[in-house]
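To start, the structure itself, in C-alpha cells.
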Amino acid sequence: MTTDPWSVRRLHAVNDAQIDALAGVLIDCVEGGASVSFMHPLTRERAEAFWRRVAQGVAAGERALLIAEDAQGLCGTVQLVLDQPENQPHRADLSKMLVPRRARRQGLGAALMRAAEATARECGKTLLVLDTANDEAARLYERLGWTRVGAIPDYALLPQGGLCDTIVYYRKLGG
Ligand SMILES: CC(C)(COP(=O)(O)OP(=O)(O)OC[C@H]1O[C@@H](n2cnc3c(N)ncnc32)[C@H](O)[C@@H]1OP(=O)(O)O)[C@@H](O)C(=O)NCCC(=O)NCCS
C-alpha cells in the first residue's frame, strides 16, 4: 500500500489542460533559477509552445512523457527521448525532470526517476544519459545509482544570466 500523496503515470497523448499545467510547472522552475533551457522571464506563450512540441513528439512515439499528480493537480514531470540514431536503439536521453517548488523535498523527484527508469526498460532501453546543472538533482541521480561522467564548464546560461557548468551522467539498466 502506498502512502505517497501523488501518483505518477505516462501520458500517450497530451490535452490542453495538461499543456497548461505543464507550462505552469516549467515557469515555476525557471522562476526558481533552474537551468532547463529557458531564460527568465519565461512567458506562458513560450512555455506552452515548448510543451506543444513535446506533445507532438509524444504522439509520434519519439518521447515518453511522465507526469505526477496530487490533490492540487500536476506536480512533476520527466521525459525520455526515445528517438535516437539508428546505431543507438538501446539508448534514451532523460530530460526535463521538473518538480514545482511547492512539491519538492518529499521524494517526488526520486519517484519520477524510478518511474522513468521503469518506462525505459518497458521501451527496451538499456542505457540512459542525462546532464544537469542542478546540484540537488545531481545528488538525487547519484543516490539512485547514476554514474557521473564529468562536468562541462560554462555549458549554459542560468535563467537570470551567468554561465553554469553541466554534469553528464549515465545509467545502465540491468536485466
Ligand atoms: C531536482 C528536483 C527535480 C528534485 O525534486 P524533489 O522532488 O525535491 O526530489 P526529492 O524530494 O526526491 O529529493 C530532494 C531532497 O529532498 C530530500 N527528501 C526526500 N524526501 C524527503 C522527505 N520526506 N522529507 C525531507 N526531505 C526529503 C532528499 O533526501 C533530497 O535531499 P538532498 O537535496 O539533501 O539530497 C527539483 O528540485 C527540481 O525540479 N528542480 C528544478 C528543475 C531542475 O533543475 N531539474 C533537474 C533538471 S536535470
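In this chain, numbering begins with 1 at the start of the sequence shown. Just so you know, ligand 1 is whichever comes first in the structure, and atom 1 is the first atom listed for that ligand.
Side-chain contact between Trp6 and Leu112 is absent, with no heavy-atom pair separated by less than 4.5 Å. Annotation: side chain of Glu136 is not in contact with side chain of Val99 (no heavy-atom distance under 4.5 Å). Residues Glu62 and Val81 have side chains not in contact (no heavy-atom distance under 4.5 Å, counting atoms from C-beta outward). Between Asp131 and Tyr155 there is a side-chain heavy-atom pair separated by less than 4.5 Å. Within the 4.5 Å cutoff, no side-chain heavy atoms of Gln106 are placed close to those of Asp4. Val14 has its side chain within reach of Leu22: a pair of non-hydrogen atoms, C-beta onward, lies under 4.5 Å apart.
At least one N or O atom of Arg139, backbone or side chain, sits closer than 3.5 Å to an N or O atom of ligand 1. When only interatomic distances are considered, the shortest N/O to N/O separation between Cys29 and ligand 1 does not fall below 3.5 Å. Any N or O atom pair closer than 3.5 Å counts here, and Met97 shares at least one such pair with ligand 1. Residue contacts with ligand 1: Arg143 is placed with a nitrogen or oxygen under 3.5 Å of a nitrogen or oxygen of the ligand (distance criterion only). Where the criterion is an N or O separation shorter than 3.5 Å, residue side chain and backbone included, Ala103 fails it with respect to ligand 1. At least one N or O atom of Val99, backbone or side chain, sits closer than 3.5 Å to an N or O atom of ligand 1.
Considering only non-hydrogen protein atoms, atom 44 (O) of ligand 1 sits nearest to Asn134 ND2, 2.8 Å. If you check which protein heavy atom lies closest to atom 6 (P) of ligand 1, you get Gly109 N, 3.6 Å. Atom 36 (C) of ligand 1 has Arg104 NE, 3.5 Å as its closest protein atom, hydrogens excluded (heavy atom only). With respect to atom 42 (C) of ligand 1, the closest heavy atom belonging to the protein is Ala34 CB, 3.6 Å. When hydrogens are left out, the protein atom nearest atom 4 (C) of ligand 1 is Leu140 CD2, 4.2 Å; that is the closest non-hydrogen contact.
Under 4.0 angstrom from ligand 1, the non-hydrogen atoms of Ala110 come from both its backbone and its side chain.
By heavy-atom distance, the residue among Met113, Glu136, Arg105 lying nearest atom 17 (C) of ligand 1 is Arg105. Across Ala111, Ala137, Gly76, heavy-atom proximity to atom 1 (C) of ligand 1 is greatest for Ala137. When the options Gly107, Ser37, Ser35, Gly33 are ranked by their closest heavy atom to atom 19 (C) of ligand 1, first place goes to Gly107.
Contact analysis puts Tyr141 in contact with ligand 1, with a non-hydrogen atom separation below 4.0 angstrom. Between Leu130 and ligand 1 there is no heavy-atom distance shorter than 4.0 Å.
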Practice task
Please assess Arg102 against Asp70 for the test side chain to side chain contact (heavy atoms under 4.5 Å, CB included), listing each intermediate value before the final yes or no.
Solution key: CA-CA 11 Å; Arg102 73 167 180 83; Asp70 65 9; 2.8 Å; yes
Practice task
I would like to know whether Ser37 and Lys96 meet side-chain hydrogen bond (donor to acceptor under 3.5 Å, both in side chains); could you show each step before the answer?
Solution key: CA-CA 9 Å; Ser37 307; Lys96 294 288 178 294; 2.8 Å; yes
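Within ligand 1, the atoms closer than 4.0 Å to a non-hydrogen atom of Asp131 are 48 (S), numbered from 1 in the order shown.
Between Trp146 and Tyr141, the ring planes are tilted. Angles from 30° to 60° get that label.
Panel note: side chain Lys172, backbone Leu127; no donor-acceptor pair is recorded below 3.5 Å. With hydrogens and angles ignored, the 3.5 Å screen pairs a side-chain donor or acceptor of Thr166 with a backbone N or O of Thr132.
Within the 4.0 Å cut-off (strictly below), a protein heavy atom is located near atom 21 (C) of ligand 1.
Arg63 has no carboxylate O lying under 4.0 Å from a charged side-chain N of Asp93, or vice versa, which leaves the two without a salt bridge.
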